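The structure appears right after this line, and notes come after that.
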Amino acid sequence: MSDIDGIDSVKDATGIAERVRDIKSLTGDRFAFFSGLHFVMLDSYKFGAVGSEVAAHPLIAKKIAELHRLLRANEFEAGAKLFGQLEPLFTFFRNYGVPQSIKTMLTWSDIDLGKPRRPLSELSTTQASELKTIVTVLGCL
């Protein structure tokens with residue numbers, strides 16, 4: 001890919017933050033790197049990511065944007081603190097799926113984009129309740 005002129009950025013959604021470091025070691029500053037998963041954002045930025053391409057419902061968007069701002073500014077201590085607060089949400093996303101979680105969060109607002117597409121399924125009632133607790137504790141609901 002580094003030989004293709006039209007490619008100037010890479011989104012890594014493997015869940016392995018070290019890939020940013022590893023690809024940068026092979027390609028230098030050839031690409032701008034973006035984290036593709038919430039739960040590796042902190043480490044991805046530490047390894048040189050300049051942004052993230054992750055799903056965010058309006059309820060949590062402000063906190064995600066603030067996390068990006070801190071990490072982009074290399075304010076890793078404050079970023080780590082906010083990441084720690086968001087970690088239960090990110091772990092939930094990792095365990096139960098981002099699309100399913102975002103679709104559930106949409107039911108708490110006036111935005112209706114329907115159910116997750118197959119083969120994904122909706123969160124269970126118990127999972128939705130757990131998600132609601134996490135979002136509430138974060139002060140987002």
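No experiment lies behind these values; they were computed from the predicted model shown.
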Q: State, with a plain yes or no, whether a side-chain heavy atom of K132 is found less than 4.5 Å away from one of V135.
A: no
Q: Check the angle between the aromatic planes of F33 and F31 and answer parallel, tilted or perpendicular using the 30° and 60° thresholds.
A: perpendicular
Q | Any side-chain heavy-atom pair of K11 and S35 under 4.5 Å | A | no
Q: Mind listing the closest non-hydrogen atom pair of L42 and G79 along with its distance?
A: CD1-C, 4.4 Å
(Q) Set out, in order, the CA-CA distance, both residues' side-chain angles and the distance that settles salt bridge (Lys or Arg N to Asp or Glu O under 4.0 Å) for E66 and R69, then state yes or no. (A) CA-CA 5 Å; E66 177 62 10; R69 186 195 69 72; 2.9 Å; yes
Q | Connected via hydrophobic side-chain network under 4.5 Å: F90 and L59 | A | yes
Q) With side chains defined as the heavy atoms from C-beta onward, is the minimum distance between Q85 and K81 less than 4.5 Å? A) yes
Q. Under the 3.5 angstrom rule, does the side chain of S52 hit a backbone N or O of V54 as a donor-acceptor pair?
A. no
Q.
Minimum heavy-atom separation for F39 and F83, please, with both atom names.
A. O-CZ, 3.5 Å
Q) C140 and I60: which non-hydrogen atoms are nearest, and at how many Å? A) SG-CG2, 4.3 Å
Q) Should D29 and K24 count as an ion pair when the cut-off is N to O under 4.0 Å? A) yes
Q) Are there more than 12 heavy atoms of other residues, nucleotides or ligands under 6.0 Å from atom CZ of R94? A) no
Q) Considering only heavy atoms from C-beta outward, does the side chain of F47 approach that of R19 to under 4.5 Å? A) no
Q.
Donor-acceptor check, side chain of Q127 to backbone of S124, threshold 3.5 angstrom: yes or no?
A. yes
Q: Would you mind reporting whether V137 and P88 have side-chain heavy atoms less than 4.5 Å apart?
A: no
Q: Could you walk me through whether F76 and Y45 pass the ring pair (Phe, Tyr, Trp, His ring centres under 6.0 Å) test, one step at a time?
A: CA-CA 9 Å; F76 292 114; Y45 280 79; 7.7 Å; no
Q.
Under a 3.5 Å distance rule, please check whether K103 uses its side chain to pair with a backbone N or O of L113 as donor and acceptor.
A. yes
Q: Go through the steps for L123 and F92 under the test side-chain contact (heavy atoms from CB on, under 4.5 Å), then give the verdict.
A: CA-CA 11 Å; L123 295 180; F92 187 93; 3.8 Å; yes
Q | For the student: nearest non-hydrogen atoms of Q100 and L120, plus distance | A | NE2-CD2, 3.5 Å
Q) Ignoring hydrogens and geometry, is there a side-chain-to-backbone donor-acceptor pair from R30 to I7 under 3.5 Å? A) yes
Q) Distance-only, no hydrogens or angles: does the H38 side chain make a donor-acceptor pair with backbone N or O of E87 under 3.5 Å? A) no
Q: Could you pull out the closest heavy-atom pair between D12 and G15, with the gap in Å?
A: OD2-N, 4.2 Å
Q. Of all heavy-atom pairs between K63 and L82, which one has the smallest distance, and what is that distance?
A. O-CD2, 3.7 Å
(Q) I'd like to know if the side chain of S129 and the backbone of T126 have a donor-acceptor N/O pair within less than 3.5 Å. (A) no
**Q.** Residue of the set I16, T14, V20 for which side-chain contact (heavy atoms from CB on, under 4.5 Å) holds with E18
**A.** I16
Q | Same cluster (ILVMFWY, side-chain, under 4.5 Å), I64 and L141 | A | yes
